[in-house]
Amino acid sequence: MLELTRITAGYDRRDPVVREVSLSVAAGEAVGLLGPSGCGKSTLARVAALLHRPDAGTMTLDGAVVRGWRHRAPREQRTAVGVVFQQPRLSADPRIGLRELIAQPLRATGRRREVPERVAELARLVGLSDELLERRPHAVSDGQLQRACLARALVLRPRLLICDEMTAMLDASTTAALVAVVERYRAESGAALLAVGHDRVLLERWCDRTVRWGEHHAEHAPTG
Amino acid sequence: MTADRAPDTAPVLDVRDLSVRFRMRGGNDIAAVSGARFSVAPGECLALVGESGCGKSVLASALLGLLPANAATTGSAVLGGDTDLLTAGERTLARTVRGRRIGLVPQSPAAHLTPVRTVRAQLEEALRELTGVRGSDLPKAALAAAARASFPEGHLDRYPHELSGGLAQRAATALALIGDAPLLLADEPTTGLDRDLVERTVDELRRHTDTGRALLIITHDLAAAERVADRVAVMYAGRIVEIADAEDFFQAPGPRHPYARGLLAALPERDFAPIPGMPPELGALPEGCAFAARCGHADDRCTAERPAFRADLACHHAPTGRTHPLKEAADA
Ligand code: SF4
């Protein structure tokens, strides 16, 4: 499903935070990527989510080589990947209500007719009431906003879901609830998962296998 | 099982029936904290746990006198037997309480530290202000202050943005310790830190109770609470619903309140099963028990009548078979 091969990426070409990292996620597989904060795993997640262009290396999605990132990514590839970040407040537009937030990707891809049905379906899945859907981000809790961000990530039915520290700010029950939503979606859609985080207990409980940051470095030593 | 918590010393902090209401435009009040009652003894660590929005951070702000203008408080929160934090007034709080009698370990140390000044400069300033150390004694005192929080000497001339999350946390802790305050208040001190850093941070905080300080740690991280606390207070929808000895709570016999039991069971090392539903809005709390809509034991009484906080528990159907300390219930 996802193949990252010798990816080098970062914000300063002389000092990349990701160096020659390889990682693959098979169709339907759930892979946990475990590492301390600041190690570069979030940057790798952004590469995989087509949000950050790597400096070197190759990435394939469903067997097709990725040639463009961000707005240069072709729509089929962009819509195949859903992503949820750690801090919902940084990724949610404060001016729009949760219903709009969830619906945005549908509108952006010209599928506005699906909005009412799909948003209702997802709101049920993540447990957001009609009343909460009308509120703006500042009027809901972190947990409620993250539920909306997860619904938004699922709205286009991605074949790969990337969760970057999705639950790091949340309490135990909300964490378990969001993971259950992801797993229900994966069970019915067969989607693959890349869960990035620093909580070993959580990732090992959640994922089919867990890769430690640094392990894949060893396997793929730079060749110069 | 009796609580082996309470040495016969007077509590450092004694909170009685503390309530905080926010008056909102349109007359819809928000009951952020209702009837909170707990105490913290010298040398003791109490962890106040609950999810975001449960009122625990509002409670912390109330203790520090940092609530917004539309907040109204009732009850009392007596520090050191003589100062009611709720009525003391900003002048007293600013001059004699914050930093001097309550050391605050903040949630996001990077934001708490002054960005344009080095750690050394900030430590020296706090020392001048809080301890009266002056002139040529300052450099040595700053070194000692840094060492107390295990902040490495070699990093003293760095600016906050040049520090890792862990070092920023230690710098903030060093600042919090300078006034030798008898109460340390740590508000979500481990948010966003990696597990080993969480453990180091709470271990370091814990170390400062050895000298008789009291530590009140506010967190949503149950693993951190388990590691550091002597007692746990669980907050739900603005109320403390259970206070328990940490060992009883995290090991056997486990929590008594259904919400607390659900919260522990949700941990990935346990059942990893969420509590169904979400907490009620603090602006629209139900008549009866705020947890009733999510509780497997709820009956008519639960939906009709709010359970009082008695014998360290607010539940109509507490599991029996244990005797419990009545300390917090003395005047229930
Ligand atoms: S009072 Fe009733 S609804 Fe509330 S926690 Fe106890 S059993 Fe459940």
Side-chain angles (χ1 to χ4, degrees), chain A residues 32 34-39 41-42 85-90 123-124 126-129 131-132 135 138-148 164-165 167-184 195 197-207 210 212-213, chain B residues 24 30 49-57 107-108 163-168 188 190-198 219-226 234-237 259-284 291 293-294:
Chain A
L34 180 68
S37 60
C39 72
K41 62 188 194 304
S42 288
F85 298 104
Q86 170 171 0
Q87 299 214 14
R89 301 216 179 260
L90 298 182
R124 239 188 342 268
V126 301
L128 289 174
S129 65
E131 192 262 327
L132 284 170
R135 296 204 205 166
H138 70 87
V140 300
S141 70
D142 286 345
Q144 289 164 340
L145 188 54
Q146 194 64 302
R147 284 171 196 261
D164 182 11
E165 297 275 21
T167 61
M169 321 252 300
L170 306 177
D171 65 283
S173 178
T174 309
T175 295
L178 290 190
V179 168
V181 168
V182 169
E183 288 310 300
R184 200 168 326 150
H198 67 263
D199 186 336
R200 185 183 54 79
V201 181
L202 172 67
L203 292 184
E204 285 179 353
R205 180 77 186 248
W206 182 2
C207 300
T210 300
R212 267 171 200 277
W213 187 260
Chain B
M24 304 306 277
I30 289 179
V49 303
E51 58 206 277
S52 91
C54 74
K56 59 192 194 305
S57 287
Q107 173 160 15
S108 48
L163 300 174
S164 67
L167 285 187
E188 297 278 7
T190 61
T191 299
L193 299 183
D194 299 333
R195 181 55 44 201
D196 53 338
L197 211 49
V198 167
T219 183
H220 71 272
D221 183 342
L222 293 169
E226 175 168 15
V234 182
M235 218 166 158
Y236 183 76
Y259 170 67
R261 270 185 278 163
L263 205 54
L264 267 198
L267 286 172
E269 53 268 57
R270 301 193 184 208
D271 300 344
F272 205 28
I275 305 167
M278 281 188 280
E281 298 292 324
L282 295 174
F291 190 59
R294 309 172 74 185

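Everything numeric here is computed off the predicted structure, so don't read it as measured data. Hydrogens, waters and symmetry mates play no part in the numbers below; they use all other heavy atoms, side chains included. Letters A, B, ... mirror the listed sequences (proteins, then strands); counts begin at 1.
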Turns out that what part of Arg200(A) lies under 4.5 Å from chain B's heavy atoms comes down to neither

Ala273(B) versus Ala176(A), closest heavy-atom pair with distance = C-CB, 3.9 Å

Between Met278(B) and Leu132(A), what is the shortest heavy-atom contact and its length?
-> CE-CD1, 3.8 Å

Identify which part of Leu222(B) has an atom lying under 4.5 Å from any heavy atom of chain A, answering side chain, backbone, both or neither.
-> side chain

Report the distance from atom CD of Glu281(B) to atom CZ of Arg135(A), rounding to the nearest 0.5 Å.
-> 4.0 Å

Kindly give the heavy-atom pair with the smallest separation between Ser173(A) and Ile275(B), and that separation in Å.
-> OG-N, 3.0 Å

List the atom of Leu267(B), the atom of Ala172(A), and the distance in Å for their closest heavy-atom pair.
-> CD2-CB, 3.8 Å

Closest non-hydrogen atoms of Thr174(A) and Glu51(B), given as atom of the first, atom of the second and distance, are OG1-OE1, 4.2 Å

Winner by heavy-atom pair count (cut-off under 4.5 Å) against chain B, out of Glu165(A), Gln87(A), Arg205(A) = Arg205(A)

Okay, Asp221(B) and chain A: the region with an atom under 4.5 Å from a heavy atom over there is neither

